[in-house]
Asker: 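Here you go, one structure.
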Amino acid sequence: MSLAPTTLTPSERRITLVIAAVQFINILDFMMVMPLGPDFARALNIPAAHIGYIGGSYTAAAALAGLVGSMLLDRFDRRRALAVAMAGLIVSTALGGLAWDFHSLLAARVLAGLFGGPAVAIAIATLTDQVAPQRRGQAMGAVMSAFSLSAIAGVPVGLELALYGGWRLPFFAVAFAGLVVAVAAIAILPPQRGHLAAGPAKGAWVRMTALLSRRKVWLAYATVALVQVQQFMIVPNIAAYVQGNLGFPRDHLSLVYMTGGALSFFAARWAGRLVDRHGSSAITFAATVGLSVVIFAAFIGYQPWMPVLGLFPFFMMFVGVRMVANGAAFSRVPDPQERAGFMALVSAVQHLSSAFGAFLSAEILTNAPDGRLEHVSTMAVVSITIGLAIPLLTLWLERATVPMAAAMPTPVPVAADAVLDGGGQSR
């Protein structure tokens, strides 16, 4: 019996490239808002301690959309569903650039979350359908590198655009970039109907009940919940903290995200291969330890000699590595005909937990008269404590899904003439 290839096949690489581009827009749309927080907070008279509510509104809406999508998305061609989700995300992002006060910006971000959550779920379900289990770590590493690329290129460019054209310009720029990627993805992706032939259609509640009756599904949701709460107690407040508390200049803020994105990009690709070789739980443990050390150093044990560029970029790197490990573990949980529904629920839990983390940090933090954030050490202690359970949950999840991973069928191949080849030329 021949061994399965250890590197992505040409068709898998093409699908991975397309999904990575879609993921880049989704992540950038979410990530750019928090670094811009101090800018639009000043322009719209929003307290800096309330920036977490803006980030949390997106994730709460995405969670709601994920709950609805979990019952509906597996009924449709994935390409068509992706087109609708991306169109809504593009329009709502542009509306964010037209906001005139806190409530109008909040409403625009809620609308963006309603479309962004399903878009992520559909994209990851498409990737999982098309990549063999033994190579999903590599594919997830490539797709999750979109997180890094958005930090390397997207967020720094957005921050620079805001310096020269105001805080609204990045919203319009992301909407335009999303339009380009959406048109390209719809033109390149073939119809995605293989999951519709995997079995007879079931009622939405029947499928959801069957999905939620499995222990490994609950392990996956518990894992992603704790991951997101830990991270998003920190993420919305980085820009305000480094400027207000550490005195880092606004003009150099893009360097933090660019450096962190570069570290994450290379680490994510490396992590994907390590996950395929050593498993998700080992990589999750290492990333969680590193993340906890960085949070402690930055928010509890910070000293004036510690460089900002020596702390927060590593926070982003460890977040990216753990995303790769978790994504590979989650991909083994559902059956083919329920992947979009499962990933929609993952997206719902992910965004709801992110919103909870952001709202929790907003409740803990207060603004000092000089603009500093107070009670950051309390926020950090809670975040680190929550993260301690993540490696154990990932280990249990990995053990619960090993038999299924070995029995998973080879994904249906994608027509070679319907996608881009690795060199970017039409075949």
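Just so you know, these numbers use all the heavy atoms, side chains as well, and skip hydrogens, waters and symmetry mates.
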Asker: Minimum heavy-atom separation for V382 and L360, please, with both atom names.
Answerer: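 Between these two residues, the closest heavy atoms are CG1-CD2, 4.3 Å.
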Asker: Taking the side chain as everything from C-beta on, heavy atoms only, tell me whether Y58 gets closer than 4.5 Å to V110.
Answerer: no
Asker: My understanding is that only residues two or more places apart in sequence, or in another chain, count here; which of them pass side chain to side chain contact (heavy atoms under 4.5 Å, CB included) with A225?
Answerer: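 Result, side chain to side chain contact (heavy atoms under 4.5 Å, CB included) vs A225: V349, S353.
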Asker: Taking atom CE of M86 and atom CZ of F115, what is their separation to the nearest 0.5 Å?
Answerer: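 Reported value, rounded in 0.5 Å steps: 12.0 Å.
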Asker: When you look at F172 and L98, which way does the side-chain contact (heavy atoms from CB on, under 4.5 Å) test go after all the steps?
Answerer: CA-CA 9 Å; F172 299 137; L98 300 175; 3.7 Å; yes
Asker: Between N26 and G116, which heavy-atom pair has the shortest distance, and what is it?
Answerer: OD1-O, 3.5 Å
Asker: As a test of understanding, state which of V224, T284, L397, I283 forms a side chain to side chain contact (heavy atoms under 4.5 Å, CB included) with N326.
Answerer: T284
Asker: Work out which heavy atom in I234 is nearest to a heavy atom in M379; give both atom names and the distance.
Answerer: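 That would be CD1-CE, 3.9 Å.
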Asker: Is any side-chain heavy atom of L105 closer than 4.5 Å to one of F171?
Answerer: yes
Asker: Can you find a heavy atom in the side chain of F318 that is under 4.5 Å from one in the side chain of V293?
Answerer: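 Sidechains of V293 and F318: no contact.
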Asker: Is the shortest side-chain heavy-atom distance between T223 and W396 below 4.5 Å?
Answerer: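 SC-SC contact between T223 and W396 ruled out.
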Asker: Would a distance-only check, ignoring hydrogens and angles, find a side-chain to backbone donor-acceptor pair under 3.5 Å from S57 to I54?
Answerer: yes
Asker: Flag the pair D39 and R168 as a salt bridge only when some basic side-chain nitrogen lies within less than 4.0 angstrom of an acidic carboxylate oxygen.
Answerer: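 No, this pair does not count.
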Asker: Would you say the side-chain atoms of Y241 pair up with the backbone N or O of A298, donor to acceptor, closer than 3.5 Å?
Answerer: yes
Asker: Ignoring hydrogens, what is the shortest heavy-atom contact between F40 and V33? Give both atom names and the distance.
Answerer: CE2-O, 3.3 Å
Asker: What pair of heavy atoms forms the shortest contact from L373 to V376, and how long is it?
Answerer: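 Looking at all heavy atoms of both residues, the closest pair is O-CG1, 3.8 Å.
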Asker: Donor-acceptor check, side chain of T394 to backbone of S281, threshold 3.5 angstrom: yes or no?
Answerer: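 It does not hold such a pair.
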Asker: Where the side chain of E374 meets the backbone of N367, is there a donor-acceptor pair that is under 3.5 Å apart?
Answerer: no
Asker: How about CZ on F356, more than 12 heavy atoms from neighbouring residues, nucleotides or ligands closer than 6.0 Å, or not?
Answerer: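 No, CZ of F356 has 12 or fewer neighbouring heavy atoms, counting only those of other groups under 6.0 Å.
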Asker: What's the shortest heavy-atom distance between F232 and S361, and which atoms?
Answerer: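 Nearest pair, atom of F232 first, then S361: O-OG, 4.2 Å.
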Asker: Using a 4.5 Å cut-off on heavy atoms from C-beta on, say whether the side chain of R322 contacts that of Q230.
Answerer: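 In short, these two side chains touch, coming nearer than 4.5 Å.
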Asker: Quick check for you: to the nearest 0.5 Å, what is the distance between L106 atom CG and R109 atom CZ?
Answerer: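 Nearest 0.5 Å value for the CG-CZ distance: 10.0 Å.
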Asker: Heavy-atom count check: over 12 atoms from other residues, nucleotides or ligands less than 6.0 Å from F314 CZ?
Answerer: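 Count not over threshold, so no.
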Asker: Report yes if the side chains of L44 and F102 come closer than 4.5 Å at any heavy-atom pair, otherwise no.
Answerer: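 No, their side chains stay 4.5 Å or more apart.
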Asker: Roughly how far, to the nearest 0.5 Å, is CG of N245 from CG of N237?
Answerer: 10.0 Å
Asker: Is it the case that the side chain of Q243 and the backbone of A239 share a donor-acceptor pair, with hydrogens and angles ignored and the cut-off at 3.5 Å?
Answerer: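 Here the side-chain-to-backbone pair exists.
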